[in-house]
*Asks:* 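Can you read through this structure? Questions will come right after.
Order of the sequence lines fixes the chain letters, A, B, ..., with proteins taken first and strands second; residue numbering starts at 1 for each chain.
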Amino acid sequence: MTLVLIEHQDGRPDELSLQALALARGMGEEGPLEAVLVGPGGEAAARELGAHGVTTAHVAEDDRLGSYAPAAWARCVTEVAERTQPKAVVAAGSTRGNEVMAHVAARMDLPFAANCTKAHQDGTVTRIRWGGSLLEEARLHGSPLLLSSAPHAVQATTVNGADAPSVERLEPALDETDLLVQVVERVEAETKGISLADAKVVISGGRGVGSADGFAILEELAGLLNAAVGCSRVVTMAGWRPHTDQVGQTGTKVSPDLYIACGISGATQHIAGCKGAKTILAINSDAEAPILNNADYAVIGDLAEIVPAITAELKRERPG
Amino acid sequence: MRVLVCVKRVPLTGGRMVLTADEQAIETRHLGFTISPHEECGVEEAVRLVEAHGGSVTVLTLGPPEAEEQVRDMLAVGADRGVLLVNDSDEEWDPQGTASALVVAVSELEAAEEPFDLIVFGNESADSGGYQVGIRVAYALGRPVATGLKGLSVEDGVARCEQEVPGGRDVYPVPLPAVVSVLEGINLPRYPSVPAKLRARSKPVERSTPERPEPRLEKLRLVVPPGQGKQAEVLGQGPEAAPKVVEIMREIGVVS
Ligand SMILES: Cc1cc2nc3c(=O)[nH]c(=O)nc-3n(C[C@H](O)[C@H](O)[C@H](O)COP(=O)(O)OP(=O)(O)OC[C@H]3O[C@@H](n4cnc5c(N)ncnc54)[C@H](O)[C@@H]3O)c2cc1C
Ligand SMILES: Nc1ncnc2c1ncn2[C@@H]1O[C@H](COP(=O)(O)O)[C@@H](O)[C@H]1O
């Protein structure tokens, strides 16, 4: 049996958790697939999981689990794992998935492999390092195997003719320490403009932009293309743009149709954030810059001339 | 406040990942070294807390003897002392082995003086990205842990921890002593001044050499993922290439 932690929102399972189910189904384990769902809406979300191969869903909708508490979530997963003795416990490699699995691993004193792109029931996994710039083949020594699936490494898949899973109620023996760290408040933030993560076009600037004011020409082009403006770490460290604009391993991961990298050299840690783009255009004065080994198209020269020329060309074709 | 920050030395890779012949490590002969930006922000956050509340910042690392360089870098931006757990093998430590070595060091430091009010980690290490060492240390010490913080303040023995989530921020109050992990962006770290760099040279760095346990997450080999090393089609030089760029934009459907 393989046990999968399913995260859910408004009574629907998260896409990344459905990917985790697909990774779990590919582990070569013949036995059934079971799920754990914690918090309000878990039972509703469980109904959709039959189509993804789940036969039994363990649902914990305890009143005290109304808001996220990582240790309590881990208590739920650990209790089910100890009772049902799965071969593996899998979660999404999401913020919360990785966090809960690390708690589970600490509780069970077992190794945990985060962000796997492949996993086999014999304990071998392939996992990402350096935000995806490097892969590691590794072996987990412990049972059950504890792992999470790297986001978008596998696609969610469905099985034919499956019924909704049977639901088993889980009443975890939560103690005070499980609820010591729990969300007490959600502070809403004002959102303005198109978000980096969702934009169809992202125009990023690096050191080559030269200053905070230098971003005006990127902003103008972005306005015409309904694009979001991003940047490299050199730019955030210089204080030219806020960290929320940073694309890369320690910034935001973007996957637009078009990514335009202006004055960015193409360090692996930057590429880790933009390699999900369908097309990458590099604008760089250096024809040898590493970004050219990651881009589909390039224009060589001074971005301070090239970017306004692209803007002018778009305006010429679309007057007004 | 007594604050401890755990950091890890990693190579500063450039545009390409090159592996050693045995595929066990990144070829670092021509590379510099650094720590994760998350950890840099962790040190900055610790220094700011101590500036506001008084106390001291200790930096702890497990790494090769050369990791003293990264410890000194952190002493130059405001940490008071360093502790280097020397890995004298060429082999990497897995997350469980790393956490146990850190826990032993923390326990010794706390036995010699007082407990740390706060132990700060990066959300994930830059190289291995295991997402777990901090949480394991918290469990071993029996302390609460909040991760991925973009905001942190301390008042009356409670840390107000803020996490960025879609649409806003989640807030967790966490009683001290506690363990936290932070993300880059929680602050903008300062640059070291020249006098601070000089002062860092004379700050204390203690060393010990723990024994590496057998890894339970055993690295078999590293692999450079496919897709590196394509060659961009050059559309042209300078502003004259603009019409071609717009043509491509139309082809891929981002302008009508
Ligand atoms: C663990 C770790 C995590 C990291 N995370 C991130 C991250 O999330 N995001 C990130 O971006 N970086 C990250 N970095 C930093 C990364 O390694 C690079 O230092 C950074 O991406 C370089 O930024 P840059 O390309 O803007 O600057 P540079 O590398 O200095 O490149 C500037 C480029 O601009 C070109 N240029 C200069 N002038 C012009 C001009 N007038 N017109 C056109 N081109 C010009 C140059 O030819 C050069 O290619 C991380 C590093 C580490 C160690
Ligand atoms: N060798 C090490 N020495 C000191 N701290 C470490 C070490 N490895 C990991 N850490 C800390 O643990 C955090 C999480 O690491 P990881 O679980 O590998 O993602 C890092 O950001 C560091 O703060």
*Asks:* At a heavy-atom separation under 4.5 Å, does B:Val234 approach chain A through its side chain, its backbone, both, or neither?
*Replies:* both
*Asks:* So A:Leu180 and B:Val174, do their side chains get closer than 4.5 Å, heavy atoms only?
*Replies:* no
*Asks:* Output yes when a side-chain donor or acceptor of B:Arg136 lies under 3.5 Å from a complementary backbone atom of A:His103, and no otherwise.
*Replies:* no
*Asks:* From A:Leu135 CG over to B:Leu222 CG, what is the distance, rounded to the nearest 0.5 angstrom?
*Replies:* 9.0 Å
*Asks:* Just by distance, with hydrogens left out, do B:Thr13 and A:Gln269 show a side-chain donor and acceptor under 3.5 Å apart?
*Replies:* yes
*Asks:* I'd like to know which of B:Glu218, B:Glu164, B:Gln237 tops the heavy-atom pair count under 4.5 Å against chain A.
*Replies:* B:Glu218
*Asks:* Test salt bridge (Lys or Arg N to Asp or Glu O under 4.0 Å) on A:Glu137 and B:Lys219; report intermediate values, then the result.
*Replies:* CA-CA 6 Å; A:Glu137 293 173 4; B:Lys219 177 174 64 183; over 6 Å; no
*Asks:* If you define the side chain from C-beta out and look only at heavy atoms, does anything of A:Pro290 sit under 4.5 Å from B:Arg16?
*Replies:* no
*Asks:* Does any non-hydrogen side-chain atom of B:Tyr172 lie less than 4.5 Å from one of A:Val184?
*Replies:* no
*Asks:* Side chain, backbone, both or neither: which part of B:Arg250 has a heavy atom under 4.5 Å from chain A?
*Replies:* side chain
*Asks:* Against chain B, label A:Ala71 side chain, backbone, both or neither, depending on which of its atoms sit under 4.5 Å from a heavy atom there.
*Replies:* both
*Asks:* Quick check on A:Gln182 against chain B: is it the side chain, the backbone, both or neither that has a heavy atom closer than 4.5 Å?
*Replies:* backbone
*Asks:* Can you tell me which portion of B:Pro215 sits under 4.5 Å from chain A's heavy atoms? Options are side chain, backbone, both or neither.
*Replies:* backbone
*Asks:* Could you tell me which portion of A:Asn115 (side chain, backbone, both or neither) has an atom closer than 4.5 angstrom to a non-hydrogen atom of chain B?
*Replies:* side chain
*Asks:* Does the side chain of B:Arg216 come within less than 4.5 Å of A:Arg139's, by heavy atoms?
*Replies:* no
*Asks:* Please look at B:Val165 and chain A and tell me whether the side chain, the backbone, both or neither of the residue comes under 4.5 angstrom of a heavy atom of that chain.
*Replies:* side chain
*Asks:* A:Val183 versus chain B, heavy atoms under 4.5 Å apart: side chain, backbone, both or neither?
*Replies:* both
*Asks:* Would you check, one step at a time, whether the test side-chain contact (heavy atoms from CB on, under 4.5 Å) holds for B:Met249 with A:Ile310?
*Replies:* CA-CA 10 Å; B:Met249 287 175 172; A:Ile310 298 169; 4.0 Å; yes
*Asks:* Report yes if the side chains of A:His243 and B:Lys150 come closer than 4.5 Å at any heavy-atom pair, otherwise no.
*Replies:* yes
